[in-house]
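See structure below.
This is a predicted model, so every value here is computed, not measured. Numbers here simply count residues along the sequence, with the first being 1.
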Amino acid sequence: MLSGIPLFPEQASTLAPQVDNLYFFVVAVTAFFALLVVVLVVIFAVKYRDDSGEKVGAAIEGSVPLEIGWSIIPFVISMVIFVYATVVYFNLVRPPDQTLEVYSTGKRWMWRFQHIDGQSEINELHVPRGRPVKVTFTSEDVLHDLYIPAFRVKADAIPGRYSSIWFTATKTGEFHLFCAEYCGTKHSGMIGKVVVMEPADYQAW
């Protein structure tokens, strides 16, 4: 029944696998330690159960190696996640030198895209496959958020400021584009699409 409902959006950009791999890594680390805690709790609960209710626990003293271990291990894991996430973050916010420039404005309740050659679009963005695209945008009224799930890119559109995202599409087709920041009564209708075309088709368009 749920076969037609994907758990994750399609990966359609060079950035998407990097973001997903980081996410899966963090989930795997979290799941491992959650499972470890549950298993140990069950083992200790069974092993040290007291059916009589009369036993008194023995006095214990702190263990320096244990305390050092449970301080250092989480620190190392946190630093690995930090470094990994930093690398992905820099890849997300630092576009290549040669990009196709597009300018956009968000307003209630639409996105307007302006290509440098004069083409303008409303709630649609046509881009070529395989070429880095940088979208620089702002907001005319309230806070919006330009979000393309299949590309794993997302940034706020803030009045009086310019934000940007970049991506290199790897698949042709149409992909959802959303405003991911509640901006008013018709926020749910502030949607659009990115149309990825073959380079020759894009030039003809």
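Side-chain contact between T14 and T170: present, with at least one pair of heavy atoms (C-beta onward) separated by less than 4.5 Å. Taking the side chain as every heavy atom from C-beta outward, L125 and V102 approach each other to under 4.5 Å. You'll find the side chain of K171 stays beyond 4.5 Å of the side chain of R129, heavy atoms only. Counting only heavy atoms from C-beta outward, the side chains of P128 and L100 approach each other to under 4.5 Å. Contact of the W109 side chain with the T185 side chain is registered, since non-hydrogen atoms from C-beta on lie closer than 4.5 Å. Contact of the F113 side chain with the V135 side chain is registered, since non-hydrogen atoms from C-beta on lie closer than 4.5 Å. Proximity of V127 to F167: side-chain heavy atoms (C-beta onward) are separated by under 4.5 Å at one or more points. A 4.5 Å side-chain heavy-atom check between S78 and V80 finds every atom pair outside the cut-off.
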Worksheet item: So E101 and I116, side chain to side chain contact (heavy atoms under 4.5 Å, CB included) or not? Walk me through it.
Response: CA-CA 7 Å; E101 298 282 345; I116 57 175; 3.9 Å; yes
D156 and E181: CA distance, side-chain angles, deciding distance, side chain to side chain contact (heavy atoms under 4.5 Å, CB included) verdict = CA-CA 8 Å; D156 285 341; E181 188 74 45; 3.8 Å; yes
Under the criterion side chain to side chain contact (heavy atoms under 4.5 Å, CB included), I'd like the reasoning laid out for V133 against I165: C-alpha separation, chi angles, the key distance, then a yes or no.
CA-CA 8 Å; V133 178; I165 59 174; over 6 Å; no
Side chain to side chain contact (heavy atoms under 4.5 Å, CB included) for T168 and R131? Distances and angles first, verdict last.
CA-CA 5 Å; T168 301; R131 182 175 177 183; 5.9 Å; no
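Using a 30° and 60° split on the angle between ring planes, F175 and F151 fall in the tilted class, from 30° to 60°. Taking the six-membered ring where the residue is Trp, Y147 and F178 present tilted rings, their angle falling between 30° and 60°. The aromatic rings of F44 and Y48 are tilted relative to each other, their planes meeting at an angle between 30° and 60°.
The minimum heavy-atom distance linking G69 with P74 is given by the pair O-CD, 3.9 Å. Pairing each heavy atom of H176 with each of P149, the nearest pair is O-CD, 3.5 Å. Across all their heavy atoms, K154 and A180 have their closest contact at CE-CB, 3.6 Å. Smallest separation of non-hydrogen atoms from K134 and T99: CB-OG1, 3.7 Å. Across every non-hydrogen atom of N91 and L15, the tightest pair is O-CD2, 3.7 Å.
Both V27 and L7 belong to a common hydrophobic cluster when Ile, Leu, Val, Met, Phe, Trp and Tyr are linked at side-chain heavy-atom distances under 4.5 angstrom. Hydrophobic cluster membership differs between V37 and F32, with clusters built from Ile, Leu, Val, Met, Phe, Trp and Tyr side chains linked at under 4.5 angstrom. Taken together through direct or relayed side-chain contacts under 4.5 Å among Ile, Leu, Val, Met, Phe, Trp and Tyr, I43 and F33 form part of one hydrophobic cluster. There is no path of hydrophobic side-chain contacts, each under 4.5 Å, that joins W70 to L36. L92 is connected to L146 through a chain of hydrophobic side-chain contacts under 4.5 Å among Ile, Leu, Val, Met, Phe, Trp and Tyr, so both are in one cluster.
Here the SG atom belonging to C179 is positioned 5.5 Å from the CH2 atom belonging to W111, to the nearest 0.5 angstrom. Here S139 contributes atom OG and K107 contributes atom NZ; the two are 10.0 Å apart, rounded to the nearest 0.5 Å. In this structure, OH on Y162 lies 6.0 Å from OG1 on T138, to the nearest 0.5 angstrom. Between atom CD1 of residue I73 and atom CD1 of residue I68 there is a gap of 11.5 Å, rounded to the nearest 0.5 Å. Note: M197 CE to Y202 OH = 9.0 Å, rounded to the nearest 0.5 Å. Atom-to-atom distance recorded for N123:CG and M190:CE is 7.5 Å, nearest 0.5 angstrom.
At most 12 heavy atoms of other shown residues, nucleotides or ligands fall within 6.0 angstrom of atom CD in Q98. In the displayed structure, D117 atom CG is contacted under 6.0 Å by more than 12 heavy atoms of other residues, nucleotides or ligands. For Y23, the OH atom is loosely surrounded, since the number of other residues' heavy atoms within 6.0 Å does not exceed 12. Residue-environment remark: CZ (F25) exceeds the threshold of 12 foreign heavy atoms within 6.0 Å.
For the residue pair S13 and Q11, no side-chain donor N or O sits within less than 3.5 Å of a side-chain acceptor on the partner. There is a side-chain donor-acceptor pair under 3.5 Å between H115 and E121.
In this structure, the side chain of Q119 does not engage the main chain of H126 through any donor-acceptor pair within 3.5 Å. In this structure a side-chain-to-backbone donor-acceptor pair under 3.5 Å is present from S104 to R112. For Q114 (side chain) and G118 (main-chain N/O), a donor-acceptor pair under 3.5 Å exists by modelled atom type.
Aromatic rings from Y89 and Y84 are positioned such that their centres are separated by 6.0 Å or more.
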